[in-house]
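Notes follow once the structure below has been shown.
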Amino acid sequence: MSTETEKISPKGRHVSPNFITEVIDGDLQQGRYPKVVTRFPPEPNGYLHIGHAKSIALNFGLALDYRGECNLRFDDTNPETESREYVEAIKRDIQWLGFRWARECYASDYFERLFECAVQLIRDGAAYVDSLSEEEISTYRGTITEPGRPSLYRDRTVTENLDLFARMRKGEFPSGAHVLRAKIDLRSPNMKLRDPVLYRIVHASHYRTGDAWCIYPLYDFAHPLSDAIEGVSHSICTLEFENNRAIYDWLVEHLRGKCGLPASPRPYQYEFARLNLDYTVLSKRKLIKLVEDGHVKGWDDPRMPTIAGLRRRGVTPEAIREFANRIGVAKANSRVDLATFEAAIRDDLNYRAPRVLAVLRPLKVVLTNLPEGNVEELQAPYWPHDVPNEGSRAVPFSGELYIERDDFREHPPKGFYRLIPGGRVRLRHAYVIRCDDVVKDAAGNLVELRCTYDPATLGRAPAGGPVKGTIHWVSARHGVRAEMRLYDRLFRMADPEAGDGDISASLSPESLTVVEGYVEPSVLHDPPELRYQFERLGYFWRDPADASPKRLVFNRIVSLRDSWAKREGRGRV
RNA sequence: UGCGGGGUGGUCUAAGGGAAUGACGCCCGGCUUUGGACCGGGAAACUCCAGGUUCGAGUCCUGGCCCCGCAGCCA
């Protein structure tokens, strides 16, 4: 038995099967829609984050899988919080993620039509102008356990309502003086159905329509009708809108075939669980606060879960899409392990990042048997044997090197197989060295290591038995100094929103560690956007904002899996 | 508690009356000039609970329990 989908896209789906694809398969089989039309409906009042990426991957992915289309629609019905800057940022982020919309739409383009719809509702006796105060409306709405009571304005005549609504539009009333409400059911057990507000008066200019309007539709009114106008077939949103679906259906059923809205097919709303990711927050409000309170350096701070932040961090769009695919789509509230995201990032970078040598926390090593000034150019492959790419570069080797401080232990724990006093270790792509002396200053601090290298060990096993470890290094004279920004989880707690109150208390002091390190000189000839694996350390790339030809600044995108650190009981550092 | 949703290994997620899937994580082994990657193996869910229907139930029925959402003129 082959479904429509299988015919269209037998393999390599963008969206793995879920409860929504099942609905679509059924709808297509029943011939309910000529094609699948979805939409991604951001409000331009903030930046997109990884949670939005899940929704974007779903909506655009479905359009791709079913050869349908996905519109980008800005839900710009609240002039007080929205701006063109956000529109541009959102468009850039979606494109960067690799998706293309069929049409760029704006709820604000429908304002006139939406107004007509509202008038139609009034004519049908299905909406009325209410003149209660905001507080009164709230009181009259009742509570979860008590039914609401009708406003004394609920029975205004159609003529009166029409007149009032027209005057609202004309600007005869101050902000908040009146609202338009749907006449549904004040006793409904569904709070959303207790005569929801459709329009409010807001004397504020809109970033697109300027001062053409002083009444603006609310989400509950604009959203379903925008879907209908655009011919959306499957309107996908998150779980918190489940109750709003009743309004959605009520409006679409009342107005389909009227005011230029197609009678059929009509759109239906489906809800899925939004993404929660460990050790971060994904609510616009909280993200804004992090920026405003200066806990991070901006929307594109590499610690932020925003698309802009991830992009600057160095995460690729492919990794984000792969992540979205791995976590799936369902209706159960959930919280995704950070490791899932990191694994997707590493899997992507593993085959695209050439390996180079860099040292984060330098410890000097002097090779006593290598004449000073003697420099050898070693040829080092960019790729390990298991990555099917070719290429190599020359790496200068000399008598003074830097190695990682972590790779030497005077008193090694058991299982440590890097450099120890009197011990040997392999220098990656180079020779085996032995540590002869440990030099310390008066205070007892480690200053340098004096070692001898074995010239017979280049590309060959050493005499006297194999060495256990291989460590990375950089020639002291040739290494290029670089600022290394080591990023870690933003919050200390998996669910920063769990406790009550201030999120900032659980911010991790280790979310950013800056060190001054060295990187091999070959990187100076590379394109700046190249992502590397600094061997044994992690994936890095130049910070696109702060790095310059004069000043190298690297961001750690993600560390390597480190089973030694895990065994030692430390996290990444 | 009125209504709407949801509960499957540590974490996500499949399965739609017929031997509980995959991924991440974890453990063991192999390989390795990255303690990475890769390869092999393993532990891990009596599918929230209690009944019922059935030859057979994660799937159907009944009754509970727990979690999330809804009382903005935000979206």
Side-chain angles (χ1 to χ4, degrees), chain A residues 16-18 22 41-43 45 75 77-78 80-81 130 132-134 137-139 141-148 175-181 187-194 196-202 216 218-220 222-223 237-246 271 273 275 278 284-285 325-344 346-347 350-351 355 357 380 384-387 415-418 426-430 432 457 459-461 466-472 494 533-538 559-567:
Chain A
S16 30
N18 59 57
E22 275 179 37
E43 183 189 11
N45 70 344
D75 241 323
T77 57
N78 187 349
E80 294 180 306
T81 59
D130 198 355
L132 252 27
S133 70
E134 193 169 346
I137 287 179
S138 173
T139 309
R141 185 151 31 220
T143 69
I144 248 162
T145 47
E146 312 155 37
S175 297
H178 308 281
V179 293
L180 183 75
R181 293 229 257 170
R187 307 180 59 90
S188 172
N190 179 353
M191 295 293 295
K192 296 287 183 193
L193 252 23
R194 321 252 261 222
V197 175
L198 269 20
Y199 266 90
R200 78 284 215 188
I201 300 171
V202 181
Y216 293 91
L218 277 92
Y219 167 88
D220 279 323
H223 199 86
C237 63
T238 44
L239 256 27
E240 66 268 31
F241 294 103
E242 281 171 328
N243 294 335
N244 301 248
R245 190 177 61 231
E271 310 88 15
L275 171 68
D278 277 353
K284 247 185 236 174
R285 222 194 84 244
N325 219 336
R326 288 186 189 184
I327 57 176
V329 173
K331 297 199 71 164
N333 291 312
S334 62
R335 165 163 292 278
V336 175
D337 196 328
L338 226 208
T340 304
F341 188 35
E342 293 185 338
R346 292 190 187 108
D347 286 353
N350 177 44
Y351 71 82
R355 273 62 169 173
L357 299 177
H385 57 88
D386 51 276
V387 177
F416 184 85
Y417 49 83
R418 279 112 95 150
R426 162 76 67 179
L427 295 178
R428 177 70 164 161
H429 301 309
V432 171
T457 54
R460 281 205 207 92
V467 292
K468 279 174 278 194
T470 297
I471 63 173
H472 55 277
Q533 183 194 104
F534 288 173
E535 293 212 39
R536 305 209 309 132
L537 295 171
S559 66
L560 250 31
R561 282 184 71 220
D562 188 344
S563 51
W564 171 249
K566 195 186 305 167
R567 180 169 156 183

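The chains referred to below are lettered A, B, ... by the order of the sequence lines, with proteins before strands, and numbering in each begins at 1. All values below were derived from every heavy atom in this structure, side-chain atoms included, with hydrogens, water molecules and symmetry-related copies excluded.
The residue Gly459(A) sits close to a base: some heavy atom pair falls under 4.0 Å. Nucleic acid contact class of Val179(A) (heavy atoms, under 4.0 Å, all strands): base.
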### Query
Taking it one step at a time, do Asp130(A) and His178(A) satisfy side chain to side chain donor-acceptor pair (under 3.5 Å)?
CA-CA 6 Å; Asp130(A) 198 355; His178(A) 308 281; over 6 Å; no
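Side chains of Arg536(A) and His472(A): a donor-acceptor N/O pair is present below 3.5 angstrom, by distance only.
Picking from C12(B), C24(B), C74(B) the nucleotide with the shortest atom distance to the side chain of Ala339(A) gives C24(B). Comparing C70(B), U11(B), A14(B) by their closest approach to the side chain of Ala330(A) singles out A14(B). Set against A37(B), G35(B), U33(B), the side chain of Arg567(A) has G35(B) as its closest nucleotide. With G4(B), A75(B), C73(B) as the choices, the nucleotide that has an atom nearest any side-chain atom of Asn243(A) turns out to be G4(B). Of the listed nucleotides (G72(B), U34(B), A75(B)), A75(B) has the atom at the smallest distance from the side chain of Asp75(A). Side-chain proximity of Thr145(A) to the nucleotides G2(B), C12(B), G36(B) is greatest for G2(B). Distances were taken from every side-chain heavy atom of Asn333(A) (C-beta onward) to each of G5(B), G4(B), A75(B); the shortest belongs to G5(B). The side chain of Phe241(A) lies closest to A75(B), out of A75(B), G2(B), A37(B). For Arg355(A), counting side-chain heavy atoms from C-beta on, the closest listed nucleotide (G2(B), G36(B), C73(B)) is G36(B). Comparing U34(B), C24(B), G72(B) by their nearest atom to the side chain of Ala343(A) picks out C24(B).
For the P atoms, the distance linking G40(B) with C24(B) amounts to 13 Å, nearest Å. With C1' as the reference atom, C46(B) and A23(B) are 24 Å apart, rounded to whole Å. Between G16(B) and G58(B), the distance separating the two C1' atoms is 10 Å to the nearest Å. The same atom, C1', is picked in U11(B) and in C49(B); the two are 23 Å apart, to the nearest Å. Taking the C1' atom of each, A14(B) and A45(B) are spaced 14 Å apart, rounded to whole Å. Spacing between G25(B) and G36(B) at atom P, rounded to whole Å, works out to 12 Å. Atom P of A15(B) sits at a distance of 27 Å from the matching atom of C39(B), rounded to the whole Å. The separation of A44(B) from G30(B), taken at their P atoms, amounts to 23 Å, rounded to a whole angstrom.
As rounded to whole Å, 11 Å separates atom C1' of C74(B) from atom OH of Tyr219(A). Atoms NZ (Lys192(A)) and P (G2(B)) sit 20 Å apart, rounded to a whole Å. Regarding Asn325(A), its CG atom lies at a distance of 14 Å from the P atom of U13(B), rounded to whole Å. Distance Asn18(A) CG to C12(B) P: 17 Å, rounded to the nearest Å. Note: CG (Leu537(A)) to C1' (A37(B)) measures 16 Å, nearest angstrom. As rounded to whole Å, 17 Å separates atom P of C12(B) from atom CZ of Arg326(A). Rounding to whole angstrom units, CD of residue Glu342(A) and C1' of C26(B) are separated by 15 Å. If you measure from atom CG of Leu338(A) to atom P of G25(B), you get 12 Å, rounded to the nearest angstrom.
Phosphate proximity of C26(B) to Lys566(A): present, with a side-chain N or O under 4.0 Å from OP1 or OP2. Within the structure, every side-chain polar atom (N or O) of Thr81(A) is placed at least 4.0 Å from both OP1 and OP2 of A75(B). Not one side-chain nitrogen or oxygen of Arg200(A) sits closer than 4.0 Å to the OP1 or OP2 atom of G72(B). Phosphate proximity of C26(B) to Arg561(A): present, with a side-chain N or O under 4.0 Å from OP1 or OP2. In this structure, Thr470(A) does not reach the G35(B) phosphate: none of its side-chain N or O atoms is under 4.0 Å from OP1 or OP2. Close to U13(B), at under 4.0 Å from its OP1 or OP2, lies no side-chain N or O of Arg335(A). Applying the 4.0 Å criterion to OP1 and OP2 of G22(B), one finds that Ser16(A) has every side-chain N and O outside that range.
For a distance-only test at 3.5 Å, the side chain of Glu22(A) qualifies as a donor-acceptor partner of the base of G16(B). In this model, no side-chain donor or acceptor of Arg536(A) finds a partner on the base of U34(B) within 3.5 Å. Contact annotation: side chain of Arg346(A) to base of G36(B), donor-acceptor pair absent below 3.5 Å. Residue side chain Asn190(A) does not reach the base of G2(B) through any donor-acceptor N/O pair under 3.5 Å, judged by distance alone.
Under the stacking criterion of a centre-to-centre distance below 5.5 angstrom and an interplanar angle below 30°, Trp564(A) sits stacked against the six-membered ring of G35(B).
With a 4.5 Å cut-off on side-chain heavy atoms, Val179(A) and Tyr199(A) do not count as touching. Taking 4.5 Å as the limit, every side-chain heavy atom of Leu218(A) sits out of range of all side-chain heavy atoms of Thr77(A). Within the 4.5 Å cutoff, the side chain of Lys331(A) has heavy atoms near those of the Glu242(A) side chain. Side-chain contact between Leu198(A) and Asp220(A) is absent, with no heavy-atom pair separated by less than 4.5 Å.
Note on Arg326(A) versus Asp347(A): salt bridge recorded, some NZ/NE/NH1/NH2 to OD/OE distance being below 4.0 Å. Of the charged side-chain nitrogens involved, at least one lies within less than 4.0 Å of a carboxylate oxygen, so that Asp278(A) and Arg335(A) count as a salt-bridged pair.
At most 12 non-hydrogen atoms from other residues, nucleotides or ligands lie less than 6.0 angstrom from CZ of Arg187(A).
Both Leu239(A) and Arg428(A) lie near RNA chain B, and the one whose nearest nucleotide falls closer to the 5' end is Leu239(A). Mapping Val336(A) and His385(A) onto RNA chain B by nearest heavy atom places Val336(A) closer to the 5' end of the strand.
In this structure, U47(B) makes no Watson-Crick or G-U wobble pair, since no nucleotide meets both defining distances under 3.5 angstrom. In this structure G2(B) sits in a base pair with C70(B), meeting the Watson-Crick or G-U test at under 3.5 Å.
With a glycosidic angle no more than 90° from 0, G72(B) adopts the syn conformation.
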